[in-house]
Amino acid sequence: MVLKIVRTVWPVMLTYVAIGAPCGMIMGQTGMEPWMVFALSSTFVTGSGQFMICNLWLAGVPAASIVASVAAISSRFALYSASIAPHLTGASKRQALAVAATLTEEAYGISLAKLVEGEDWGPRESFVLNVILIATWGASCTMGAIVGAVVDVPTAIASFVCTSLFICLLFSQRLSRGNVVAAVSGAVSVAVCKFLGLVNIAVPASVVVGIAIALACDAVLDGRGARDAR
């Protein structure tokens with residue numbers, strides 16, 4: 001079973017190595033020892049959150065603002081867990097909890113696709129997939145921390161790996177009115193917060209403002225379109 005899963009997920013594992021190593025370098029520059037990097041990477045399963053923690057910490061952002069920012073971008077995992085739970089037919093509560101608590105974004109996509117397609121895939125396979133990807137991510141980050149302690153890699157270069165990842169995710173999204181409004185509103189709100197000196201709340205504020213304006217815009221325009229149709 002493990003070999004079958006590895007054959008399915010090896011491209012994602014290679015991606016984890018490419019992204020996890022720079023993340024480990026940044027974590028090492030915050031003063032974390034390699035064992036600390038492995039412990040955090042193996043229990044905190046959102047890579048983007050780890051990048052954010054390190055970058056905000058190096059920028060001197062207060063801990064409360066870091067917690068709020070990371071919580072905002074990590075809240076999507078609650079939706080992932082809720083959406084995959086109905087497909088874990090025959091699983092006990094303990095098995096469902098184990099799968100939900102160890103999900104990564106890539107593991108969620110793979111497991112959900114296989115469960116929906118009705119393949120020979122269940123909670124056991126989903127959990128093993130999660131463990132394989134978490135172990136790969138943890139080892140990659142630890143390797144980056146070890147290499148970063150020997151080779152001086154500029155923080156700006158390592159940090160741009162996460163930025164470039166989000167840029168790719170942005171352009172891979174469907175070009176819709178809501179997505180455009182959310183992206184533009186979020187960028188503008190960050191600029192306004194920094195201009196006003198509110199650097200500590202710029203990131204969480206941009207998330208809330210972007211989503212709120214996009215939802216309000218869709219609600220107003222969809223309501224107007226329904227009235228015009230009538």
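Position 1 is the first residue of the sequence; numbering continues from there. No experiment lies behind these values; they were computed from the predicted model shown.
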Give me the atom names and distance for the closest heavy-atom approach of [X] to [Y].
X    : Y   : value
T142 : V37 : N-CG1, 3.9 Å
A145 : P34 : CB-CA, 4.5 Å
I132 : I5  : CD1-CG2, 3.8 Å
A82  : P86 : O-CD, 3.1 Å

Problem set entry | Residues Q50, I26; criterion side chain to side chain contact (heavy atoms under 4.5 Å, CB included); working and verdict | CA-CA 9 Å; Q50 289 180 217; I26 299 175; over 6 Å; no
For this session: Evaluate the criterion side chain to side chain contact (heavy atoms under 4.5 Å, CB included) for residue pair V131 and T102; output intermediate values, then yes/no.
Result: CA-CA 7 Å; V131 172; T102 55; 5.6 Å; no
Please tell me whether [X] and [Y] are part of a single hydrophobic cluster in this structure, the criterion being side-chain heavy atoms less than 4.5 Å apart.
X    : Y    : result
F195 : V192 : yes
L40  : I146 : no
L215 : V209 : no
M27  : V67  : no
I84  : L79  : no

Exercise. Which is it for M1 and R124 under the side chain to side chain contact (heavy atoms under 4.5 Å, CB included) test, yes or no, and what are the steps along the way?
Worked result: CA-CA 10 Å; M1 181 187 66; R124 187 166 174 239; 4.0 Å; yes
Test your reading of the model: is there a side-chain donor-acceptor pair from [X] to the backbone of [Y], 3.5 Å cut-off?
X    : Y    : value
S185 : A182 : no
S81  : A78  : no
S83  : Y80  : yes

Seminar exercise, completed: residues 118-152 vs ring pair (Phe, Tyr, Trp, His ring centres under 6.0 Å), sequence neighbours excluded, gives Y16-W137
Exercise. With a 4.5 Å limit on heavy-atom distance, are the side chains of V12 and I110 in contact?
Worked result: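 Result yes, sub-4.5 Å side-chain heavy-atom pair found.
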For this session: I would like to know whether L129 and S111 meet side chain to side chain contact (heavy atoms under 4.5 Å, CB included); could you show each step before the answer?
Result: CA-CA 8 Å; L129 169 65; S111 290; 3.4 Å; yes
